[in-house]
Amino acid sequence: MNQISANVLDTVDLELNNLYGTALKIVASDPVREPFFEDTDDPAVLYNVRNKLASTVLSISGPIPNFYKLYLYRADGFIFEYGNQFDAVMGEPGAFLQQEWAQQTLKQNGKRSIYPPRRDEEDPEQSVISVNMAFAEVFGGKNNNIITVEQKYEVFANIIEKAVISKDSEQKQHKSVYVFDQNGLLVYPYSRESKINRETLEKISFYRKAIELSHSAISQQDSSMQHQINHDRNIAVYSRSGFSGWTVLLLEPESSLMQPIVTFNVNIILLGISALAVTLVMSYFVSRSLTRPLKQMNKSIKMLNLDSLAPQKKSGPLSSIDELEELNRTFIEMRGRLKESLDEAVSARSHEVESRLLALQAQMNPHFLYNSLSVISILCEEGKNSEALAFCKGLSRMLRYVSSNNFKSVGLGEELQYTRDYIQLMGERYEDMLYCEVNIPKGMESIPVPKLVIQPLVENAIKHGSGEHPPWIIRITGKVLSGGWMVTISDNGTGFDPAKLEMLKEKFALFDSGTRVPEISVDGMGMVNIYIRLRMFYENRMIFDIKESGEGGASVTIGGFTMHKEEKS
């Protein structure tokens with residue numbers, strides 16, 4: 001009952017506080033105050049003021065306001081109304097100040113004043129409760145203007161009834177709730193016809209006087225008391241609000257309040273004993289049939305790994321419970337399907353990597369032919385037929401290496417021999433203008449590398465080096481690392497164009513992100529192609545670096561660590 005009483009009071013205070021908060025926001029709003037205090041003797045000005053005030057109040061309160069009506073009263077008789085409809089009129093100066101509620105509000109000198117239920121002047125069938133407050137035109141001035149925010153009485157009645165109502169209709173009949181203000185006026189229940197019987201009024205008066213004499217009521221704390229009225233022993237619980245000064249009084253006969261407790265105690269004891277006995281017996285048998293198979297399944301799940309995914313040999317039933325046995329069979333089937341799926345995924349991934357390597361390596365063939373045919377055409381144009389013939393013979397030897405069907409990795413020595421053949425061909429083309437230095441330790445010749453990763457870089461170095469005055473110096477330097485290798489191809493040419501170098505880095509990043517393989521054209525495809533194949537061959541253990549060389553040209557370093565992923569034949 002204490003909880004219900006306090007809940008009723010808190011909910012009522014919340015509603016009153018919402019009305020008071022609305023009043024504060026309205027009177028503190030400059031867009032409201034400015035038109036409100038304009039001279040409204042002119043009908044046109046009065047019309048504009050009404051529209052401005054209505055629009056501003058709408059923006060503050062929203063399309064669904066938390067109040068029923070709102071009134072703004074100015075000392076010179078101007079009245080603005082906002083609710084289901086809005087209006088603004090000029091009344092007689094000071095006429096509203098003669099009313100009792102207005103005088104009480106002005107006496108508060110700017111503090112809130114809560115007015116008890118009364119009939120609405122425009123709709124006599126409707127009762128309202130209002131929060132009033134006086135305010136001045138300027139700060140520190142005389143508080144001779146009033147704002148009134150009204151709410152329907154039925155809103156408060158519904159709040160109180162919902163808080164007190166019980167699911168048990170019989171209990172609802174025995175409980176009574178009364179609310180009265182600081183002056184002792186009855187707020188709930190309120191009747192427009194004043195049809196509250198005399199006995200009820202005497203009961204309310206008795207408890208109200210008892211509350212006023214109670215020290216607990218003065219300190220605004222919840223308390224309870226018992227008294228004999230009409231030979232009926234009642235329990236009265238009250239709560240007093242520090243916000244509104246209202247008091248909520250909740251009454252219930254002691255017999256009706258305690259009877260459910262007595263009945264409940266007897267029933268709950270009997271039911272508890274019976275339920276406990278049945279539960280103990282059932283728990284014993286159920287737990288024994290559940291815990292054993294569940295522990296076994298839990299152990300199997302914890303020990304599950306890639307090596308133990310193979311289906312186990314069929315054994316006897318795990319449990320006599322159909323659901324657990326079905327769960328066990330499903331678990332065994334899931335292991336088998338997971339094993340098959342993993343095998344298929346690994347096989348598909350291996351074929352995918354192999355196919356991509358073959359496709360990328362095959363791209364180098366037209367790239368090589370494209371550049372070689374360009375050299376032959378230049379020799380023919382210059383009339384160097386013997387050089388072109390020698391170049392074609394050397395080219396035929398190289399094509400046997402390029403066009404062979406051996407797409408596996410090759411030894412670094414074999415790749416370097418192919419590169420030397422290419423340098424020899426270029427030497428016949430450029431003679432003394434081209435100088436190439438190869439410094440590769442013998443221990444590196446057996447290192448497996450993807451085919452066609454060094455020659456395209458040498459070819460690229462010659463292409464960029466020929467833009468400078470000869471001699472064009474190409475250096476191929478190898479180095480053995482701890483568990484890996486690297487080869488650096490450097491030149492003394494013009495170096496990389498910054499825009500082209502940035503484009504290469506973007507393509508490298510595009511492939512590393514895993515989105516897709518970048519588009520590669522015949523012209524300039526070698527660098528990106530080599531990067532992708534090295535990445536697929538060595539994964540994260542690849543070495544690939546582009547930078548300026550010490551001789552003013554560019555250098556490209558490739559390599560990797562020998563713990564690479566073996567390709568399939």
Side-chain angles (χ1 to χ4, degrees), residues 356-357 359-378 402 415 418-419 422-423 425-426 429-430 433-437 449-477 486-540 542-560:
R356 294 175 70 182
L357 278 171
L360 289 168
Q361 187 165 308
Q363 284 182 335
M364 298 304 295
N365 294 342
H367 176 263
F368 169 75
L369 289 175
Y370 172 79
N371 292 327
S372 298
L373 291 175
S374 298
V375 173
I376 294 173
S377 64
I378 293 173
V402 173
E415 177 69 13
Y418 168 72
T419 304
Y422 174 77
I423 294 173
L425 288 179
M426 293 296 103
R429 166 71 176 89
Y430 295 109
M433 292 185 295
L434 176 64
Y435 172 76
C436 184
E437 179 183 319
V449 296
K451 183 189 289 187
L452 297 176
V453 293
I454 296 180
Q455 180 271 333
L457 296 177
V458 173
E459 182 179 351
N460 190 67
I462 294 174
K463 177 181 178 181
H464 289 281
S466 61
E468 293 291 324
H469 295 292
W472 307 316
I473 302 174
I474 309 296
R475 288 187 173 88
I476 304 175
T477 306
M486 71 177 187
V487 173
T488 300
I489 297 92
S490 61
D491 62 68
N492 63 340
T494 58
F496 285 100
D497 179 58
K500 188 172 182 180
L501 186 59
E502 186 66 25
M503 180 188 67
L504 288 174
K505 291 181 178 179
E506 291 178 359
K507 291 186 177 182
F508 297 161
L510 179 64
F511 178 76
D512 291 341
S513 65
T515 54
R516 62 184 178 87
V517 176
E519 296 181 359
I520 307 174
S521 60
V522 174
D523 185 16
M525 70 180 292
M527 194 75 70
V528 178
N529 187 295
I530 293 170
Y531 179 88
I532 294 175
R533 288 190 293 125
L534 281 173
R535 173 66 72 181
M536 296 178 67
F537 193 80
Y538 287 102
E539 297 181 347
N540 293 329
M542 175 193 73
I543 299 174
F544 195 98
D545 183 42
I546 302 175
K547 62 182 179 181
E548 298 293 330
S549 69
E551 300 179 357
S555 69
V556 179
T557 300
I558 64 172

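Nothing fancy with the numbering, it's 1 onward along the sequence. Below, each value reflects all heavy atoms present in this structure, side chains not excepted, and no hydrogens, waters or symmetry copies.
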Check: Between Val556 and Phe496, is a side-chain contact (heavy atoms from CB on, under 4.5 Å) present by the stated rule, with each step listed?
Finding: CA-CA 11 Å; Val556 179; Phe496 285 100; 4.1 Å; yes
Under the side chain to side chain contact (heavy atoms under 4.5 Å, CB included) rule, collect the residues that match up with [X], sequence neighbours excluded.
X	answer
Asn540	Arg535
Pro471	none
Ser555	Thr488, Ser490, Lys547, Ser549

For [X] versus [Y], what's the shortest heavy-atom pair and its separation?
X	Y	answer
Tyr538	Gly559	CD1-O, 4.3 Å
Glu415	Val449	CB-CG2, 4.4 Å
Leu534	Met542	CB-SD, 3.4 Å

Note to self: In the structure I gave you, are the side-chain heavy atoms of Asn529 and Pro456 within less than 4.5 Å of one another anywhere?
What the structure shows: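 They are not in side-chain contact.
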Next item on the list: Compare all side-chain heavy atoms of Lys505 with those of Ile546 and state whether any distance is below 4.5 angstrom.
Entry: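 Counting from C-beta outward, Lys505 and Ile546 never come under 4.5 Å.
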Output the distance between atom [atom1] ([X]) and atom [atom2] ([Y]), rounded to the nearest 0.5 Å.
X	Y	atom1	atom2	result
Ile558	Met527	CD1	CE	10.0 Å
Asp497	Glu502	CG	CD	11.0 Å
Ile462	Leu457	CD1	CG	11.5 Å
Leu434	Met426	CG	CE	8.5 Å
Ile423	Ile476	CD1	CD1	4.0 Å
Asp512	Ile532	CG	CD1	9.0 Å

Donor-acceptor pair, side chain of [X] and main chain of [Y], under 3.5 angstrom:
X	Y	answer
Gln455	Tyr418	no
Asn492	Ile473	yes
Glu437	Ile474	no
Glu548	Gly495	no

Item checked: Residues that Phe544 engages under ring-ring contact (aromatic ring centres under 6.0 Å, His included), provided they are two or more places apart ->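 If we apply the ring-ring contact (aromatic ring centres under 6.0 Å, His included) test to Phe544, skipping adjacent residues, the hits are Phe508, Tyr531.
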Check: Mind checking what makes salt bridge (charged side-chain N to carboxylate O under 4.0 Å, His left out) contact with Glu506, not counting sequence neighbours?
Finding: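 None.
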